[in-house]
Amino acid sequence: MDDLRDLYQEAILDHNKRPRNFHPLEGANRTVEGFNPLCGDRLTVHLRVDDGVVSDASFEGTGCAISKASASMMTESVKGQRVEAVERLADAFHRMVTTPPGAVPETGTLGKLAAFSGVREFPVRVKCATLAWHALRAALATTGAKVTTE
Ligand code: ZN
């Protein structure tokens, strides 16, 4: 299990232990539930979107350390950003965690989200890391939809 030590970086452990923006969101106008049947992660992402800006974001639910830490860091990263910037960030995150093992992932625009680059070595964990991001994308695209990542 030595490899897992690389996966569970300090930032991920910290966000799992003390998830940020982990609460219902008053004034939310987008709410999407995401479910990852492979792991049993079930997270709900709340957004408030005003004039093309994600003015607030939060999440609730239960999941493994990776899924919770990813949702926690995601909500921190997207708050106050324009929707187009959030979509670019979601693309960059997805590219990073699906970079084949052995290739160098691009983490330039991701800041501390780069902590999840080790996830790509563990295909089952990729679904955990991207769950909140799939819900985020769905929340930007529609209202109240239910998302399942499979
Ligand atoms: Zn999980």
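Just so you know, ligand 1 is whichever comes first in the structure, and atom 1 is the first atom listed for that ligand. For this chain, numbers begin at 1 and follow the sequence in order. Source: prediction; values computed, not measured.
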Enumerate donor-acceptor pairs with a distance under 3.5 Å from any side-chain N or O in residues 47-54 to protein atoms, sequence neighbours excluded.
unit_1	atom_1	unit_2	atom_2	d
Arg48	NE	Asp50	OD1	3.4
Arg48	NE	Asp50	OD2	3.0
Arg48	NH1	Gly27	O	2.5
Arg48	NH2	Asp50	OD1	3.2
Asp50	OD2	Ser55	OG	2.8

Glu33 bridged to Arg42 by N-O distance under 4.0 Å: yes

Between Arg18 and Asp14, is there a salt bridge with N-O shorter than 4.0 Å? yes

All side-chain contact (heavy atoms from CB on, under 4.5 Å) counterparts of Ala69, not counting sequence neighbours: Ile12, His15, Phe116

In chain order, what residues pass the side-chain contact (heavy atoms from CB on, under 4.5 Å) check against Asn21, with sequence neighbours excluded? His23, Ser58, Thr75, Glu76, Lys79

Under 2.8 Å from the Zn ion (ligand 1), which protein N, O or S atoms do you find? Ignore water molecules. Cys39 SG, Asp41 OD1, Asp41 OD2, Cys64 SG, Cys128 SG

Within a radius of less than 6.0 Å around CD of Glu10, do more than 12 heavy atoms belonging to other residues, nucleotides or ligands occur? no

